[in-house]
Amino acid sequence: MRRLLAFVAIIIGWVLLAVTAVGAFLHFFTSRGTYAIYATALVPLTIVTGVAAFVLFLVLRRWMALALTVVAITVLCFTQGPLWVSQTAPAGDRFTVVTANLQFGGGNVDDVAAAAADADLVSLQEVTPEALDRVRASALAGRLRYEYAIPGPQAAGTVLLSSRPLTDEERIPNMVLNNLSVRTPVPGAASTRVLAVHTPAPLSGHAGDWVQDMGLLKDQLQALPDGPVIVAGDVNATWDHVQYRDLLTDGFADTTSQAGAGWRPTFPTDRFGDRPLAAIDHVIVRGFIATSVRTFSVSGSDHRGVVVTLVAS
């Protein structure tokens with residue numbers, strides 16, 4: 001019986017190691033199919049399987065398997081390390097950017113307003129015409145008097161709210177959902193390009209739409225002239241997706257990485273006891289450094305919102 005239990009434990013250990021190794025591989029793999037895209041979003045969780053495999057092989061004295069597990073865990077830690085090391089922020093006026101997905105317009109706007117009490121910019125996704133009416137009647141509109149809104153059915157609509165005037169407003173062309181681009185002043189940067197973005201979910205049969213829009217968003221960022229930029233929204237991608245990291249070129253940076261805020265999952269909040277598993281809502285910047293990143297609950301939505309404090313660099 002003891003030999004049988006040891007054999008079963010070894011098999012479980014190898015399965016856990018395989019999951020860990022796949023997680024490390026997916027970080028570097030350009031995912032294009034629905035299952036691969038979703039699996040890549042869960043890469044940080046494979047550190048748990050790696051630790052479990054390490055404990056099993058250590059107890060069973062399987063040294064070769066233990067060494068392989070240490071390698072896999074080391075690679076995973078290397079891939080996640082940038083999210084945990086903060087940059088030194090310069091002196092200057094801080095300001096706040098908020099992004100939140102309202103899940104087909106059903107999210108509680110008052111929850112967003114409470115989290116965005118000191119915000120200068122708010123990006124909202126999945127804003128239906130009815131949800132836009134609620135936004136305009138809320139404390140958000142009272143504090144953030146300037147808006148660029150293209151509402152739509154289900155997930156299509158997007159709204160950008162600002163405490164300062166907006167100019168050069170346009171819908172980013174060819175993308176599946178309404179992605180917005182404006183110019184506005186923010187503390188430390190008198191003319192800042194701001195994008196409120198939402199790429200489509202890579203649902204079965206629609207992964208190609210996600211791949212296409214991630215490419216279009218990359219092209220859009222690379223085509224922007226030099227200068228400060230803020231990108232805020234639901235990208236339906238995590239740090240571990242190659243397509244997301246491809247956005248972080250030409251001076252663009254992930255604010256979670258800048259702030260050393262670590263793993264901040266935002267989706268889904270309507271399952272697993274309100275414990276999200278994937279960090280797919282982001283603020284990306286050029287010409288700014290994030291000093292803090294936190295998330296907040298939005299009742300009626302399957303996403304947590306994100307609050308980022310920035311300073312011009």
Between [atom1] of [X] and [atom2] of [Y], what distance do you get to the nearest 0.5 Å?
{"X": "Asp120", "Y": "Ser163", "atom1": "CG", "atom2": "OG", "answer": "4.0 Å"}
{"X": "Leu217", "Y": "Gln212", "atom1": "CG", "atom2": "CD", "answer": "12.0 Å"}
{"X": "Asp246", "Y": "Thr30", "atom1": "CG", "atom2": "OG1", "answer": "7.0 Å"}
{"X": "Leu277", "Y": "Phe272", "atom1": "CG", "atom2": "CZ", "answer": "5.0 Å"}
{"X": "Leu144", "Y": "Arg164", "atom1": "CG", "atom2": "CZ", "answer": "10.0 Å"}
{"X": "Thr128", "Y": "Leu102", "atom1": "OG1", "atom2": "CG", "answer": "8.0 Å"}

Between [X] and [Y] (side chain of the first, backbone of the second, donor and acceptor by atom type, cut-off under 3.5 Å), is there such a pair?
{"X": "Gln154", "Y": "Gly152", "answer": "no"}
{"X": "His27", "Y": "Ala24", "answer": "no"}
{"X": "Asp234", "Y": "His198", "answer": "no"}
{"X": "Asp240", "Y": "Ala41", "answer": "no"}
{"X": "Asp213", "Y": "Val176", "answer": "yes"}
{"X": "Thr192", "Y": "Pro228", "answer": "no"}
{"X": "Ser257", "Y": "Pro82", "answer": "yes"}
{"X": "Arg32", "Y": "Gly208", "answer": "no"}
{"X": "Arg134", "Y": "Gly105", "answer": "yes"}

Under 6.0 Å from the [atom1] atom of [X], do we count more than 12 heavy atoms belonging to anything else shown?
{"X": "Arg62", "atom1": "CZ", "answer": "no"}
{"X": "Asp118", "atom1": "CG", "answer": "no"}
{"X": "Tyr35", "atom1": "OH", "answer": "no"}
{"X": "Arg145", "atom1": "CZ", "answer": "no"}

>> Hydrophobic clustering (ILVMFWY, side-chain heavy atoms < 4.5 Å, transitive) - are Trp239 and Val235 grouped together?
In response: yes

>> Check for me, please, whether Val97 and Tyr146 land in the same ILVMFWY cluster - side-chain distances under 4.5 Å, paths through other members count.
In response: yes

> Only one of Thr256, Val98, Thr255 forms a side-chain contact (heavy atoms from CB on, under 4.5 Å) with Val308, so which one is it?
Replying inline: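 With Val308 as partner, Thr256, Val98, Thr255 yield a single side-chain contact (heavy atoms from CB on, under 4.5 Å), made by Thr255.
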
> Given Val122, which of Thr99, Thr96, Leu140 fulfils the side-chain contact (heavy atoms from CB on, under 4.5 Å) condition?
Replying inline: Leu140

Indicate whether the side chain of [X] and that of [Y] have a donor and an acceptor atom separated by less than 3.5 Å.
{"X": "Ser204", "Y": "Thr34", "answer": "no"}
{"X": "Ser299", "Y": "Asp111", "answer": "yes"}
{"X": "Asn101", "Y": "Glu126", "answer": "yes"}
{"X": "Gln243", "Y": "Ser31", "answer": "no"}
{"X": "Arg183", "Y": "Ser191", "answer": "yes"}
{"X": "Thr20", "Y": "Thr49", "answer": "yes"}

> Do you know the tightest heavy-atom contact between Ala89 and Arg94?
Replying inline: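 Shortest heavy-atom separation between Ala89 and Arg94 comes out as CB-NH2, 3.9 Å.
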
> Going by the angle between their ring planes, with limits at 30° and 60°, are Phe95 and Phe288 parallel, tilted or perpendicular?
Replying inline: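 Judged by the thresholds at 30° and 60°, the geometry between Phe95 and Phe288 is perpendicular.
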
>> Any non-hydrogen side-chain atom of Leu195 less than 4.5 Å from a side-chain atom of Leu221?
In response: yes

